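Okay, so here's the structure we're looking at.
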Amino acid sequence: MSIHHRSRAALSLLAVALFVLPAARLAAQTAAAFPSTWRYTGRARVAEGAHGMVTSGSAVASVVGRDILKAGGNAVDAAVAVGFALAVTHAEAGNIAGGGYMMIRMQDGKAYALDYRETAPAKATRDMFLDDKGQPTDKSVSGHLASGVPGAVAGLLAAHQRFGKLSRAAVMNPAIQLARDGFVVDSFHYRSLASVQQRLKLYSPAAAAQYSVNGQVPLPGSLFKQPDLARTLAAIRDQGRDGFYKGWVARAIVAEMQRGGGIISAADLAGYQPKWREPLRITYRGYTIFSMSPSSSGGATLGLILNIMEGFGPLPPFGSTALLHRESEAMRRAFTDRNRFLGDPDFETLTMLPSMLSKDYAAKARADINLAHATPTPPFDPSIKDGPNTTHYSVVDARGDAVSTTTTLNNSYGSAVLVTGAGFLLNDEMDDFAAAPGKPNMYGLVQGEINAIKPGKRMLSAMTPSIVLNPRGELTMVVGTPGGPTIITQVYHVISNVIDHGMSLPDAVSAPRQHHQALPDEINLNTGGFRQAVVDSLKAMGHTVTFKGGGDVQAIIRIAKGWQGVSDPRGGGAAAGY
Ligand code: GLY
């Protein structure tokens, strides 16, 4: 090592110490804030590595990514390999017929945001999911009409083409092998498959057949093979995007649509394009966060929550009524704006987007918060124009390139429709549109005309893949999660737990979380995560409190010896580093 390199290494160790040590000092303070009823204390799955790190909702897929890094691939190669592997090993949300968002920050400091969200088919209409009384039907959630034009294959290949170092075959062969030769079912995968059998049987005999063996759910420890999916993946490997959007796979999708009354056409498939967007840049207490721009609402809503919270100065202790009230009121205001003002920027003018990211606007929103009492969410005017299951993976390579990707079929196992003969599930992303502006969707989100269905339009998302730089401008954290609208608040909590509450990343990810999305007007708390006295005082302040859980954060943080990957104990994933 040259002297120059040695002093650079010493400097970066010092920088790590500067930003890690204060966190360690505060950690004892925060551990006491988790009540004894909280089941995930100390249960995050953690890996450490000096060079590179991958964490995802599937241990098998994380190992695929880690091996791509070891073979000389960069973070984008590994992310693309993980994306295809998840379509095999994490069928509830990993996909090739869904869509997603990829935040990339290369070691030279440049950041990129890739939008490969699904689009509404050309034959889609504003009221296609309403019955003759104008009420929303469940056709946006299950069945053939629920599917938007898939974006995942075009997105993964676009990222690979722009930044990848290895060949397409090198990044896709592991997934093809896992589909063809099988992978060992674990207990998480078993429970997931068992839970969906009835729904699959109802909507798609082909899906029920694909995700069972001789009519039975494959048992933990058994080898699970998907030969049709292997053939589809091989077509993509050999022909690139045409292997999916044209040729026999595209014909199989169109035939599946005709079988079940869906509307995706050959022209919709051939015309699908991912979009490179300008990443949103948020600053928070000297840290910089790159997050996703519309068509996802994730970055803008996260930015407004953080900007409101920043102005409170040092935050009240973790788990306290004072903190939960402030957070809930910040989230309420950010989601109120999200639901009214955000949609697909290619179809709508997002006049309020700059405000949602401005510190002045956040200061006005903060001034409006009554610190002693809940502010009811205003009635929703949908005409203003201005399980759920998704999965996230984070990657850092030895050069310091970072990728944060969230992808989804929307509901767990998407629309429950499998493309017969091609071995993959279709998404039910059409439910993320405001199928009936002013009425709640699957997530209870009440959204406006700005997110109404139009042919070719992208449905508003909450996915929030994010990359955090420390005050020195160095890559320090990569983070994201599934969870519908709770994605945004989960990402907020992990970032705030580390920066404000000094938690280690395993604690920050395991910690109980709270969520408020304006409507329904309630604070949702992780069951068992907060003390009864705190719950009682929130109610006394005028909040309605409900209890739920969920999420599957996959995050990486810089540590003194390299990288620490953390997989949420709420899910079944794992981190893999080297
Ligand atoms: N499908 C969930 C989301 O995109 O927000």
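Everything quoted here is computed from the prediction, not taken from an experiment. Numbering of ligands and ligand atoms starts at 1, following listing order. Count residues from 1 along the sequence. In what follows, every heavy atom counts, from backbone to side chain, and hydrogens, waters and symmetry copies are set aside.
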Item to check | Donor-acceptor pair, side chain of Ser394 and main chain of Gln554, under 3.5 angstrom | outcome: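 A pair under 3.5 Å: yes.
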Checklist entry - Can you tell me how far the OG1 atom of Thr119 sits from the CG atom of Asp346, to the nearest 0.5 Å? => result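 With rounding to 0.5 Å, OG1 (Thr119) is 10.5 Å from CG (Asp346).
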Checklist entry - Which protein residues have a heavy atom closer than 4.0 Å to any atom of ligand 1, listed by chain and number? => result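 Residues within 4.0 Å of ligand 1: Arg117, Thr408, Asn410, Glu429, Asp432, Tyr443, Ser461, Ala462, Met463.
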Checklist entry - Excluding sequence neighbours, so at least two apart, what forms side-chain hydrogen bond (donor to acceptor under 3.5 Å, both in side chains) with Asn524? => result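 For Asn524, the residues satisfying side-chain hydrogen bond (donor to acceptor under 3.5 Å, both in side chains) (neighbours in sequence not counted) are Thr546.
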Item to check | side-chain hydrogen bond (donor to acceptor under 3.5 Å, both in side chains) partners for Tyr393, two or more places apart | outcome: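 Here no residue qualifies.
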Next on the checklist: Using a strict threshold of under 4.0 Å (side-chain N to carboxylate O), is an ion pair present between Lys454 and Asp344?
Outcome noted: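 No, this pair does not count.
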Checklist entry - What side chain to side chain donor-acceptor pair (under 3.5 Å) pairs are there with at least one residue in residues 139-156, not counting sequence neighbours? => result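 For residues 139-156: Ser140-Asp431, Ser142-Arg199, His144-Glu256, Ser147-Asn427.
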